[in-house]
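Please read the structure below before turning to the comments.
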Amino acid sequence: MSDMDMEDDGSGIVKKFMFLNRKAPHGTVYALEGLEVVLITAAFDQDVSLVFTDDGVYQLMKGIDTKGIEVKDFSKTYRALEGYDIEKLYVDKTSMDARGLTEEDLIVDVTVLSDDEMKNLMEEQDVVISF
Amino acid sequence: MLHIVNKSATERSSLDSCLRLATKGSAVLLIEDAVYAATKGNAAAAKIQAAAADLKIYALGPDLAARGMAGRVLDGVNVVDYGGFVDLVAEYRNCQSWL
Amino acid sequence: MQFGILVNEGPYNHQASDSAYLFARTAIEKGHKVPRVFFYHDGVNNSTRMGEPPQDDRNVTARWSKLAEEHGIDLVVCVAAALRRGIKDELLAPGFRISGLGQLVEMGIQYDRLVTFGD
């Protein structure tokens with residue numbers, strides 16, 4: 001058990017949190033700083049769904065090598081999410097298709113959702129935070 | 001669900017993503033640069049009018065006025081002030097900002 | 001109803017902080033509560049008292065401070081995002097404080113709505 005597992009707001013409330021990642025990595029900081037929020041939310045024992053759509057699907061590319069641009073490679077963190085009890089990882093099929101990507105291109109196992117499945121998942125959330 | 005869009009539809013694809021994933025009966029509020037999409041003659045106007053069949057479309061009046069667009073709003077788009085914005089957030093059980 | 005507000009962009013460069021401020025002020029005028037506003041990403045730049053906008057422009061930071069003082073709003077600046085950008089305690093305008101991301105998560109857990117303003 002890590003220190004982060006000890007977080008508790010004292011209310012005992014568990015809400016459905018969706019993080020909707022829509023931005024490519026590195027061009028802006030949103031993907032990296034968004035991931036930090038995801039980890040903290042899981043530490044509060046909330047019901048977390050992590051969804052990648054639009055350019056956000058690029059965050060999960062295999063073979064990312066950031067040495068040449070001298071910034072942190074945080075893509076490995078996605079592979080550690082299970083350790084934080086974050087197991088609901090989804091990508092949006094329409095966004096994958098529009099970028100010529102398939103599940104084999106991605107660094108982690110994900111569930112691929114149709115537009116209708118995406119809609120249903122969003123509607124059932126209590127809190128949606130988009131980066 | 002309330003969907004909030006703040007990007008110009010002629011510059012970014014946020015509006016398209018929102019309209020693709022908004023469930024029938026939900027609301028879309030256009031604020032900041034997104035309000036141009038709700039005006040007559042804009043390239044996105046047809047999308048907004050088609051979407052209005054299944055979604056409630058709102059645009060923030062102060063943002064329209066600040067951009068000289070108050071007199072060009074499409075039929076079927078509801079113009080709201082900040083009070084209306086607050087009411088929409090309260091009315092729908094969750095919201096998503098398509099940043 | 002209790003609204004949490006998340007501001008993800010700094011002042012002046014983007015309208016996000018202005019929109020968030022007007023939303024918060026209006027919500028309070030309508031009888032809702034805004035117990036906390038959380039500043040993340042470049043939004044942490046809203047918290048510095050070092051800004052000196054021209055006299056004919058609004059002072060985004062001072063406006064947040066005043067609203068917070070009048071209505072008891074907790075203006076929380078993310079510590080990790082702030083340290084990255086050189087925002088320190090000694091630079092904070094009145095009403096702002098630096099704390100962890102847990103404060104953002106708490107808004108989602110405890111309040112009725114969480115509204116995000118950004119770019």
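Within every chain, numbering begins at 1; the chains are lettered A, B, ... in the order of the sequence lines, protein sequences first and strands thereafter.
- More than 12 heavy atoms of other shown residues, nucleotides or ligands fall within 6.0 angstrom of atom CZ in Arg20(B).
- By a heavy-atom distance cut of under 4.5 Å, not one residue of residues 50-64 of chain B is near chain A.
- Both the backbone and the side chain of Ser14(B) come within less than 4.5 Å of a heavy atom of chain A.
- Heavy atoms of other residues, nucleotides or ligands lying less than 6.0 angstrom from NZ of Lys93(A) number 12 at most.
- Contact annotation for residues 18-27 of chain A against chain B (heavy-atom separation below 4.5 Å, listed by residue number): Leu20(A), Arg22(A), Lys23(A).
- Atom CZ of Arg99(A) sits in a crowded spot, with more than 12 heavy atoms from other residues, nucleotides or ligands closer than 6.0 Å.
- At a heavy-atom cut-off of under 4.5 Å, chain B is reached by Asp115(A), Met118(A), Lys119(A), Met122(A), Glu123(A), Glu124(A), Gln125(A), Asp126(A), Val128(A), Ser130(A) from residues 112-131 of chain A, listed in order of number.
- In terms of heavy-atom pairs under 4.5 Å with chain A, the best-connected choice from Cys95(B), Ser97(B), Ser13(B) is Cys95(B).
- Interface residues of residues 48-67 of chain A toward chain B, defined by a heavy-atom distance below 4.5 Å and sorted by number: Thr53(A), Asp54(A).
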